[in-house]
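To start, the structure under review is shown below, and the notes come after it.
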Amino acid sequence: MTIREASLLAGRHASQIYRWIDAGRLATRVNAHGVTEVLSKAVVRIETEVKRGRPKGVPTRR
């Protein structure tokens with residue numbers, strides 16, 4: 001799947017998908033048309049590992 005499709009599946013911005021790729025958490029390949037692709041099951045796997053929201057103990061801004 002493309003980066004855009006992966007971001008829709010994960011519910012994250014495409015820049016987050018690129019950060020995961022740069023960190024080595026997602027493997028990629030380039031197809032015959034020059035489009036970068038990632039495995040959908042890898043996106044689903046990493047999304048379950050990453051927690052959303054503010055870390056515990058971090059106060060809100062008021």
Side-chain angles (χ1 to χ4, degrees):
M1 73 175 24
T2 64
I3 302 297
R4 186 177 185 325
E5 293 168 339
S7 68
L8 292 173
L9 176 67
R12 299 290 182 105
H13 196 270
S15 62
Q16 181 63 48
I17 304 298
Y18 284 112
R19 276 185 239 134
W20 287 341
I21 292 168
D22 290 341
R25 298 178 82 178
L26 283 177
T28 62
R29 70 176 186 166
V30 179
N31 69 12
H33 301 287
V35 178
T36 302
E37 297 178 334
V38 295
L39 289 173
S40 59
K41 66 180 183 179
V43 175
V44 172
R45 177 188 49 81
I46 196 169
E47 180 58 23
T48 60
E49 294 174 2
V50 177
K51 295 186 178 182
R52 293 180 181 219
R54 189 173 52 252
K56 284 188 171 184
V58 177
T60 58
R61 269 187 162 182
R62 290 191 181 203

**Q.** Whether His33 side chain and Val35 backbone form a donor-acceptor pair below 3.5 Å
**A.**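 No.
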
Nearest heavy-atom neighbours spanning [X] and [Y]:
X: Leu26; Y: Val43; answer: CD2-N, 3.9 Å
X: Arg45; Y: Arg25; answer: NH2-O, 3.5 Å
X: Ala6; Y: Val38; answer: CB-CG2, 3.7 Å

Roughly how far, to the nearest 0.5 Å, is [atom2] of [Y] from [atom1] of [X]?
X: Glu37; Y: Glu5; atom1: CD; atom2: CD; result: 8.5 Å
X: Thr36; Y: Ile21; atom1: OG1; atom2: CD1; result: 7.0 Å
X: Ile46; Y: Leu39; atom1: CD1; atom2: CG; result: 12.0 Å
X: Thr28; Y: Tyr18; atom1: OG1; atom2: OH; result: 10.0 Å

Q.
Do Ile17 and Leu8 land in one hydrophobic cluster if side-chain heavy atoms of ILVMFWY residues count as linked below 4.5 Å?
A.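 The answer is no; the residues belong to distinct hydrophobic clusters.
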
Q.
With a sphere of 6.0 Å drawn around CZ of Arg4, does it hold more than 12 non-hydrogen atoms of other residues, nucleotides or ligands?
A.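 No.
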
